[in-house]
Colleague: 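Please find one structure pasted underneath; my questions will follow.
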Amino acid sequence: GAGVSQSPRYKVAKRGQDVALRCDPISGHVSLFWYQQALGQGPEFLTYFQNEAQLDKSGLPSDRFFAERPEGSVSTLKIQRTQQEDSAVYLCASSSTGDEQYFGPGTRLTVT
Amino acid sequence: QKEVEQDPGPLSVPEGAIVSLNCTYSNSAFQYFMWYRQYSRKGPELLMYTYSSGNKEDGRFTAQVDKSSKYISLFIRDSQPSDSATYLCAMGPGGFKTIFGAGTRLFVKA
C-alpha cells in the first residue's frame, strides 16, 4: 500500500519568505508527527496530532512555526519569515498506535 | 547530557561480519524501544520494535533491551553492503513522545 508522502521534496526559500510543507499520511492512521532533522543528527520532535487535534506542539522552535491537520488526514507545516537556522529536513510520520511510526521521505528546506 | 546517547561512528566492517550498534539512555520511564534504518536522502524505516526488556529477533536482526543498565543494542548478522546506512535508535515512555539518538553511520565493505 501507499506509504507516507511529502511534498515538495526540496524547497529553496530566501530568508524572510514563508513556506508550506505538506504531508499525506498512511490512510487510516490517526496519529501524525512532524520532526526536524539537522545534518548528522536524529529527528527532533516538533508536534503531534491525533486526528485533527494538535495534542503537543512543545517541539516547535518558535512562533514562526505552525502546523495544522484540519480534517484529520493531510497535514501542513508552515514556517513564516524563514531564517537560515530553519534549513533542515522536515520529516512527517504517521502511526496507528502512536509508538510504531512510519516516515515519509522528508522535505529538504534550504534557506538562503 | 542528552536523554539518548548514540555513537555517530562511522563504523566500517567487512561483508559477512556481525555488527553491534548500541544506545544508552537516562530516562527510566522509557518503555518502548525502536531501531530505524535511514538511507541517504530517505526517511527513516522502522526495523525493530520492542517493549520493555528482552530480546527480539527478525531475520538477520536482533534487538536487545537491558532496562537495568539503560542500554539497548541492535545486532546485524551476515552484514551485506546493502546494510550500509545510518541506524537510529528511538525510544519513549509510550503514547507519542519518541526521542531519537543521533544515529550511527554503518559502512559494509564488499
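Below, chains carry the letters A, B, ... as their sequence lines are ordered, and counting in each starts from 1. Keep in mind that the numbers below use all heavy atoms, side chains included, and drop hydrogens, waters and symmetry copies.
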Colleague: With a 4.5 angstrom heavy-atom cut-off, could you sort out which part of Q6(B) is near chain A: side chain, backbone, both or neither?
Modeller: neither

Colleague: Can Y102(A) be reached from V89(A) by stepping across I, L, V, M, F, W or Y side chains whose heavy atoms are under 4.5 Å apart?
Modeller: yes

Colleague: Around E71(A), counting heavy atoms of other residues, nucleotides and ligands shown, do more than 12 lie under 6.0 Å from its CD?
Modeller: no

Colleague: Are there residues of residues 41-66 of chain B whose heavy atoms fall under 4.5 Å of chain A's heavy atoms? If so, which?
Modeller: R41(B), K42(B), G43(B), P44(B), L46(B), Y49(B)

Colleague: Can you find a heavy atom in the side chain of K97(B) that is under 4.5 Å from one in the side chain of S58(A)?
Modeller: yes

Colleague: Applying a criterion of heavy atom separation less than 4.5 Å, what residues of residues 5-21 of chain A form contacts with chain B?
Modeller: R9(A), Y10(A)

Colleague: Under 4.5 Å, heavy atom to heavy atom: which of residues 100-110 of chain B reach chain A? Give them by number, or say none.
Modeller: F100(B), G101(B), A102(B)

Colleague: Hydrophobic cluster membership, with links at side-chain heavy-atom distances under 4.5 Å among I/L/V/M/F/W/Y: are I79(A) and F49(A) in one?
Modeller: yes

Colleague: Do you know which two heavy atoms are closest between L88(B) and G42(A), and how far apart they sit?
Modeller: CD2-CA, 3.8 Å

Colleague: Please identify, among L55(A), L91(A), D56(A), the residue contributing the most non-hydrogen atom pairs under 4.5 Å to chain B.
Modeller: D56(A)

Colleague: Hey, any chance L21(B) and M91(B) share a hydrophobic cluster, counting ILVMFWY side chains that come within less than 4.5 Å of each other, even indirectly?
Modeller: yes

Colleague: Report yes if the side chains of Q38(B) and Q37(A) come closer than 4.5 Å at any heavy-atom pair, otherwise no.
Modeller: yes

Colleague: So if I take each residue of residues 67-84 of chain B and look for any heavy atom under 4.5 Å from a heavy atom in chain A, which residues do I end up with?
Modeller: none

Colleague: Linking I/L/V/M/F/W/Y whenever any side-chain heavy atoms sit under 4.5 Å apart, do L60(A) and L32(A) land together?
Modeller: yes

Colleague: Grouping I, L, V, M, F, W and Y whenever their side-chain heavy atoms are under 4.5 Å apart, do W34(A) and V4(A) come out in a common cluster?
Modeller: no

